[in-house]
Structures are given as structure tokens and as C-alpha cells.
Amino acid sequence: MSKEITARSQDYSQWYNDLVIKGALADYSAVRGCMVIKPYGFALWEKMRDTIDKMFKDTGHVNAYFPLFVPKSFLEKEEGHAEGFAKECAVVTHYRLKADPDKKGTLMVDPDSKLEEELIVRPTSEAIIWHTYKSWIQSYRDLPLLVNQWANVVRWEMRTRLFLRTSEFLWQEGHTAHATADEALEETLRMLDVYADFAENWMALPVIKGVKSANERFAGAVDTYCIEALMQDGKALQAGTSHFLGQNFARAFDVQFLSKENKQEYVWATSWGVSTRLVGALVMAHGDDDGLILPPRIAPVQVVIVPIYKGSDQKLLIDGKVGELLKQLRSSGVAVKYDDNDNNRPGWKFAEYEMKGVPLRIAIGARDIENNTVEIARRDTKEKTTVSMDGLSERIARLLEEIQQSMYNKAKAYRDEHITPADDWDEFVNILNEKGGFILAHWDGTVETEQKIKELTKATIRCIPLDGEKEAGKCILTGKPSSQRVLFAQAY
RNA sequence: CGGGAAGUGGCGCAGCCCGGUAGCGCACCUGGUUUGGGACCAGGGGGCCGCAGGUUCGAAUCCUGUCUUCCCGACCA
């Protein structure tokens, strides 16, 4: 048990912060609400990014890049959109500094450099992209337009948390344009599936696909679809969103195309995104009191090899043997690191790589060389076994897959245990207080009821599950009729 | 933006009440012994005490302002 990490059971928030910082994923910065993503954390993000990027390309999307700045007048155009983001925008008003004549050695904003029109640091890029799309789209032959952008965005949040909510964050935002509503809706759901696939099969994070209530809908969307995951403290985390934007942005930015029938029509749109928040999800869904536990498929280091030796003769012998193992493992595509740094002893390294969540550790010492064995330790189960060096790379590959699967199963079992139906108000409140997690309950479909429930319990409707069964029932708060259970939880 | 806590070598902290040569642990450097679960010995380097004013012979310590961070709420991915 590590002495340095706050126990989950003692203080979940502090545990999370400890994992992020001591696991070397990120650090606080000098800039309010902004974090420094450290090399190890960035390597993890890169792995996630590269995987998702390939999935986008496999579904026909291409990458592009749009400006960081959005003229204020662009943001105003789609009313709901403007309203939704207005309160959290960073605004550029000047373009020059000058030496402050009253205070030697300091700079001041040059009042003569005021911009004609303020520029907004993008909180999301619909506005600038739809302005651009107007000139890209003339005919149905230009559709569908399937573009993604990897970028940073800024949302001036009141209260921030590493990865989960930072003022600046990294993400991807897909923005597509289609000739018909059906096609756009199909795209919205396709990308939702891509996200769910990535979450479940790469992050080992089970998710529930659903559609948001009006209250939780993206500003400017007709419908917002999402994947919702459950963290180990019983709170939900939205892990990705895919929006059906209807013709809202096409109308706002006057993006029309000439159809086959030679008629001018507004295009149909989608947008979808996942962010560095996924890193936070990974930490909270899988970590334990000894540190991070990373799923093999996205772990920057899948296997670490630690040598154990007395004296330089043994070290040389081990180096030789490890050299062969490295070649073997690397040629079979395993991300392996040999830590032969002599500053730290084996015990230190064991703890260190556990903190960092490396899925497998191989220890090799003189007695292993003698017996032609190594010791393999699994991060997820802490299980240690001594095995023959023969056929090691096959065994490692098998083990990595097994860990991936077992992490998913574990997270899924936890998640499934924490989906509880509630049929009346007392039951609902009880479950929230005693157990947490998702609650399936009937709701009368009104914004007012949802708001009221939120005020009373802090629980919100995470989504209306896509695979939910129709079932007649009564709203847990108002008793009015309802046709389907929706998913409630307290959320991040 | 409200309530609370805190800023002192890279990190974690003590010192502040009661002003008087800036200290401890970890980390770092050198040498040696070690190495199967966070090693040990010896020697060494590093800090205008968040920043700006003020009080004072003298400020890490007292006063004022300001910035930043963390925790709890309202807003959000």
C-alpha cells in the first residue's frame, strides 16, 4: 500500500488528484484553471487521440484546422448557441502592449490598439466553421462534408479540476453537413457508436448510450446524444457527445445547396466531440489506492522490465538477456520499457510503475537467468507468477488482452450493480444517498420536474437510454404518466 | 462569484502568536556499500520566505492591498 496516495474511501477527490499528479499525468500551472499535461499524460492522450483519429478516418472523415478566434458577430448568429456559451468566453479586445510609463519594467495594454470587433477564443467552433462552410457548399455534390478538427478550446469555468474540467482543454470536434435530415441523424448515431466502441474496447469503460433531455441539450442542437460512464464513487461522467443540429446552423449562417431537383435547400448538420476529460474518466474508473491502472490497449508503456542484480557482473548478464526479450517483445508490437536506472532499487520501481498504471511488470534477476524464468506481475490484480522465458512474447500478448478484457468486465460488473430501478420518490432518494450510481426511473418529461429533482437531490437526467424499453409508469416526483424510464445520477 | 484553507530551496512542511544570522524530511550532487516490495553511511550544493506597498534601527513574522492554488456551493464537457 502506498504511503503517498490518499485512500479512495477517505477522500475520493483527493485520491483522484493524487493519482493525476503522482501518476505524472498532469500538474497545476501558473495559469488559473489551466493544467500542464506532462509527457506521460500526453503520451496517454496521444494514444487515445491516434486511435480515435483512425476510427474517424475509417468512417470517411478528414481533418482540417480552423482559427482559434471567433469574431463576436459570428457567435451571435445562432441564438441558442450564443446564449449557451456567452457566460464562459475569453474575449480578446486589444492586440498590443506597451511599456507602462508610470511603472518601469511593466507592460500595459495599449489603449490605441482596441479591436474594431472583439474576438472570442473559441469555446467550440460551430460558428467559425459554419461561416466557412457557406463558401464550401453549393451543390448536393459537395455533400456530405465530413470534417474533424483536433484543437484546444477555452471555457471560462468557475471551478476547475484536472482533466475533468479545465479552462482550456484539448479535444476533437467533428462538424458535418448533409443533404437530408435522415443522413445527418444517421451520422450523429454513427459517431456515437464510434465513441462507445472506443470507450468500451479501448478504454475498458462501459457506457450507456442515450439522448439528452431538453435541459441538458447542447446549445444550438436539436438533439444531443451522449455516452455516460460510471465512476467508482457512484457519480456519472459524460464521456462523449454527438449532436444532431438540424438546420439551425445552416439557417444562421445561410448555408444552402442546390439539390438534384435544382432547389435551394438548407443543409443538415451534426457535431460531435470527446476531450481530454476522457483521461480523467480513465483515472476514476480504473484506479486504486496504489495508483493508476491503465488498459493495455492505450497504455503508453504496456510492459516494464526491472532488473534485479548484485554487482555489475550480474547486471551485464541480465542486460544481455533483457536485450533479447526487448527485441522479441518489440517485434511483436508491445510497448516495452527497460528500467535499468541504477539510482532506484527494485522496490522503488515496483511502486513507481504501479503508480503509473503500467499493465505488466517483468522482474528478472540472477536466479531467473539460472532457471530461464522471469517474474510477471499484473497491475490490475497484483498477481505475480514466475514463468519460463520460452514463448514469453506470446504469453505477454495473451496476458495484455486478458487484462484488457478483465478490466472491462470488472468495470461493467460494477456499473451493472449500480443501475438501480426506483419506483417512487423515497426509493429514489434512498438509492441516491445509500448507494449512488445510475437510477432508472419514470419522469413526466417536463423541464420543470427535472429542475426540481436536481434542486432536491443534485441528480440530473444523464440520458434517455437508446436501448430502453417502453414501459408505462408514473413520474417519481409528480406521479404523472410516463412511457419510459430515464437514467438519473449525480454527475461530474 | 460566495464560504473556508493555504502560498517559505524541485516536492512536502516547521518557524509567524511574542520582529533580531531561514530550518527539517524527501529529492539533487560526490564517494562508497547495496539491490527479489519505496536502501544505508559520509561529505556537499541550492531559498531576496507569492507579489507590491507600509510600520520599524531591523520584517518570513505586524498592517494594507493584490495575485495564485486547493476544498465546499451556484455554472458547465
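Below, each value reflects all heavy atoms present in this structure, side chains not excepted, and no hydrogens, waters or symmetry copies. Chain naming here is simple, since letters A, B, ... match the order of the sequence lines and numbering starts at 1 in each.
No more than 12 heavy atoms of other residues, nucleotides or ligands lie within 6.0 Å of CD in A:Glu83, so this atom counts as exposed by the packing criterion. When the shell of 6.0 Å around NE2 of A:His131 is examined, it contains 12 or fewer heavy atoms from other residues, nucleotides or ligands. Within 6.0 Å of the CH2 atom in A:Trp150, the count of heavy atoms belonging to other residues, nucleotides or ligands exceeds 12.
The listed nucleotides are B:A74, B:A77, B:G38; the one nearest the side chain of A:Arg159 is B:A74. Of the candidate nucleotides B:G38, B:G36, B:U69, B:G36 has the atom lying nearest to any side-chain atom of A:Glu375. Side-chain proximity of A:Gln238 to the nucleotides B:G37, B:C70, B:A77 is greatest for B:A77. Checking B:A77, B:U69, B:G38 against every side-chain atom of A:Met355, the shortest atom distance belongs to B:G38. When the nucleotides B:A77, B:G38, B:C71 are ranked by their closest atom to the side chain of A:Arg155, B:A77 comes out on top. Side chain of A:Lys458, nearest nucleotide from B:G38, B:G36, B:G73: B:G73. The side chain of A:Met158 sits closest to B:C1 out of B:G36, B:C1, B:C70. Of the candidates B:U68, B:G37, B:A77, B:G37 carries the atom nearest the A:Ala351 side chain, counting heavy atoms from C-beta on.
Partner assigned to B:C1 is B:G73, using Watson-Crick or G-U wobble distances below 3.5 angstrom. Using the Watson-Crick or G-U wobble rule with both distances under 3.5 Å, B:C57 pairs with B:G20. Judged by Watson-Crick or G-U wobble contacts below 3.5 Å, the nucleotide B:G47 has no partner. In this structure, B:C26 forms a base pair with B:G10, meeting either the Watson-Crick or the G-U wobble geometry with both donor-acceptor distances under 3.5 Å.
Using a 4.0 Å heavy-atom criterion, one finds that A:Ala366 contacts the bases of the nucleic acid, with or without backbone contacts as well. Counting non-hydrogen atoms under 4.0 angstrom, A:Gln14 reaches nothing in the nucleic acid. When heavy atoms are screened at a 4.0 angstrom cut-off, A:Tyr309 is found touching base atoms of the nucleic acid. A:Asp368 comes within contact range of at least one nucleobase, with a heavy-atom separation under 4.0 Å. Counting any heavy atom pair closer than 4.0 Å across all strands shown, A:Asp342 reaches a base atom. Residue-level contact check: A:Gly280 touches neither bases nor backbone, having no heavy atom under 4.0 Å from any strand. The residue A:Phe169 sits close to a base: some heavy atom pair falls under 4.0 Å. Base engagement by A:Leu164 is indicated by at least one non-hydrogen atom pair under 4.0 Å involving a base atom. Residue-level contact check: A:Lys212 touches neither bases nor backbone, having no heavy atom under 4.0 Å from any strand. No contact: A:Ser167 has no heavy atom under 4.0 Å from any strand. Residue contacts for A:Thr241: at a heavy-atom cut-off of 4.0 Å it reaches no nucleic acid atom on any strand shown.
With both ends at atom C1', the span from B:C49 to B:G7 equals 10 Å, rounded to whole Å.
A:Lys235 and A:Tyr12 are not linked by any side-chain donor-acceptor pair at a separation below 3.5 angstrom, with hydrogens and angles left out of the test. A donor atom on one side chain and an acceptor atom on the other are not found under 3.5 Å apart for A:Tyr309 and A:Asp319.
No salt bridge links A:Lys54 with A:Asp50; every basic N to acidic carboxylate O contact stays at or beyond 4.0 Å.
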